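Proteins come first, then strands; the chains are lettered A, B, ... in the order of their sequence lines, and each starts at number 1. Remember, it's a predicted structure, so these values are computed and weren't measured experimentally. Quick note: numbers below take in every heavy atom, side chains included, and nothing from hydrogens, waters or symmetry partners.
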There are 2 protein chains.
Amino acid sequence: MKVIQSINLLQNNIFYYIFTTMDESTAKAKELFRDFLNRKDLKKTKERDIILEAVFDTHDHFDAEELLILFRQKKIPVSRATIYRTLDLLVECRLVKKISFGEAHFRYEHIFGHEHHDHLICNQCGQIIEFYNKDLEELQKKICRQYDFKEQDHSLRIFGLCKSCQ
Amino acid sequence: MKVIQSINLLQNNIFYYIFTTMDESTAKAKELFRDFLNRKDLKKTKERDIILEAVFDTHDHFDAEELLILFRQKKIPVSRATIYRTLDLLVECRLVKKISFGEAHFRYEHIFGHEHHDHLICNQCGQIIEFYNKDLEELQKKICRQYDFKEQDHSLRIFGLCKSCQ
DNA sequence: GTCGGTGCAAACTATTTGCAATCGA
DNA sequence: TCGATTGCAAATAGTTTGCACCGAC
């Protein structure tokens, strides 16, 4: 199911009409984000809306700069500072995950509508392969019990060479 | 077995004599580092020696700034730039591992004389618990085979609450 | 109207780099 | 000797922050 949706931006007396199709999980994420903002007495702004949509449109591990470039290309006026501030909020309400792939900066991925997964990272071409393994999850739970540790999140990254780079 | 060892530093016409005890694994690491430097036609300098020792003295996950502070306290003249440059070399020759615990900077740990291990990280007090699980290693190998992926390294971090913070 | 939000530029943190002086082989 | 290494300070990359203005409720 797709939902047709429009955003109106008024800037320098020019209206920007942006029509996008929004899938169900984006719609659900929006709802959750709205609830989160309400709970925290924060305001719903068009910038936060735009960023959430861009994040859920990207089925990839993006960084803050990439979002900024995307917005500039599309002539959508959202500043770098707002991107960082909004990503923090999205991480706080657990719609987005902040991850480090061993680079000098952070990447993000949306997690709503996605199963938890881990990553295989190719040291040669940089390709990132997502995988999920049930046994692995079980084993980690077992390890946490051993150490009396209450797990909240985890991240397994396997670095090496992908099939085509070997 | 401990080895008594001395380093002489000549700086501003003052000799600094630093006597340290060096355990076997540090001695072995030094040897490996020396070989690495030889292979690469790089020079053995007192700074590189000092940094290697400090790294192997620390049984913890330190960062570059902590090393610098340590050297300043002990009045050992080694610059920040040299610390970063030498850590890169130690990572390259696989005596040291560069890890990210989700902070804005990197940490390092020496790996020689240590079994591979993974980390439980307490979100409350910041404590880092190291663990090793054989089944986990096996399972990861199996996953790599599934994806035709040649593993070179991996890192599993489980974030949550340690026993005393729950 | 009242705060909270935004954009901008400046600040800040971690890290890297250019360069002249110094040092190791 | 001669190129590699060092320390310094400046540059860079990523991110955060102060502040004046703007906008959601």
> Which ones in residues 60-68 of chain B lie close to DNA chain C, meaning a heavy atom under 4.0 Å from one of its atoms?
Replying inline: none
> What's the spacing between B:E53 CD and B:I76 CD1 if we round to 0.5 Å?
Replying inline: 9.0 Å
> How close do B:F149 and A:I121 get, heavy atom to heavy atom, and via which atoms?
Replying inline: CZ-O, 3.4 Å
>> Assigning hydrophobic clusters by single linkage (Ile, Leu, Val, Met, Phe, Trp, Tyr; side-chain heavy-atom cutoff under 4.5 Å), is B:F159 placed with B:I129?
In response: no
> Between B:F56 and B:H110, is the gap from one ring center to the other below 6.0 Å?
Replying inline: yes
> Rounding to a whole Å, what distance do you find between B:E47:CD and D:dA4:P?
Replying inline: 17 Å
> Separation of A:E103 atom CD from D:dA13 atom C1', in whole Å?
Replying inline: 13 Å
>> Distance check needed: C:dT15 C1' versus B:I83 CD1, whole Å only.
In response: 12 Å
> Are A:E109 and A:K98 close enough for a salt bridge, meaning some N to O gap below 4.0 Å?
Replying inline: no
> Expressed in angstrom and rounded to an integer, what is the separation of B:D41 atom CG from C:dG24 atom P?
Replying inline: 17 Å
> Once you round it to whole Å, what is the distance between P of D:dA9 and CZ of B:R85?
Replying inline: 14 Å
>> Rounded to whole Å, how long is the line connecting atom NE2 of A:H105 with atom P of D:dT15?
In response: 7 Å
>> A:H61 and side chain to side chain donor-acceptor pair (under 3.5 Å): which single residue from A:K97, A:R107, A:E130 fits?
In response: A:E130
> Over how many whole Å does the gap from B:I51 atom CD1 to D:dG7 atom C1' extend?
Replying inline: 12 Å
> Between C:dT17, C:dG5, C:dG24, which one does the side chain of B:A81 approach most closely?
Replying inline: C:dT17
> Nearest-Å distance, CZ (B:R80) to C1' (D:dT12)?
Replying inline: 15 Å
>> Let me check something: do A:L37 and A:I51 share a hydrophobic cluster, defined by ILVMFWY side-chain heavy atoms less than 4.5 Å apart, either directly or through other members?
In response: yes
> Is the phosphate of D:dG7, meaning OP1 or OP2, less than 4.0 Å from a side-chain N or O of B:T82?
Replying inline: yes
> From C:dG5, D:dT5, D:dT16, pick the nucleotide closest to the side chain of B:L42?
Replying inline: D:dT5
> Hey, does the side chain of B:D118 reach the backbone of B:L156 with a donor-acceptor pair shorter than 3.5 angstrom?
Replying inline: yes
> Any idea how B:F33 and B:F36 line up, ring-wise: parallel (<30°), tilted (30 to 60°), or perpendicular (>60°)?
Replying inline: parallel
>> Quick check on C:dT16: is either OP1 or OP2 less than 4.0 Å from any side-chain nitrogen or oxygen of B:Y84?
In response: no
> Between D:dG7, C:dG24, C:dT6, which nucleotide has the shortest distance from any of its atoms to the side chain of B:K43?
Replying inline: C:dG24
> Under the salt bridge (charged side-chain N to carboxylate O under 4.0 Å, His left out) rule, what pairs show up with a residue in residues 154-166 of chain B, not counting sequence neighbours?
Replying inline: A:D148-B:K163
> In degrees rounded to 10°, what angle is found between the helical axes fit to the five outermost pairs at each end of the helix from C:dG1-D:dC25 to C:dA25-D:dT1?
Replying inline: 30°
> For A:R48 and B:K44, take the nucleotide of DNA chain C holding the closest heavy atom to each; which residue's nucleotide lies nearer the 5' end?
Replying inline: A:R48
> Does D:dT6 have OP1 or OP2 sitting under 4.0 Å from an N or O in the side chain of B:T45?
Replying inline: yes
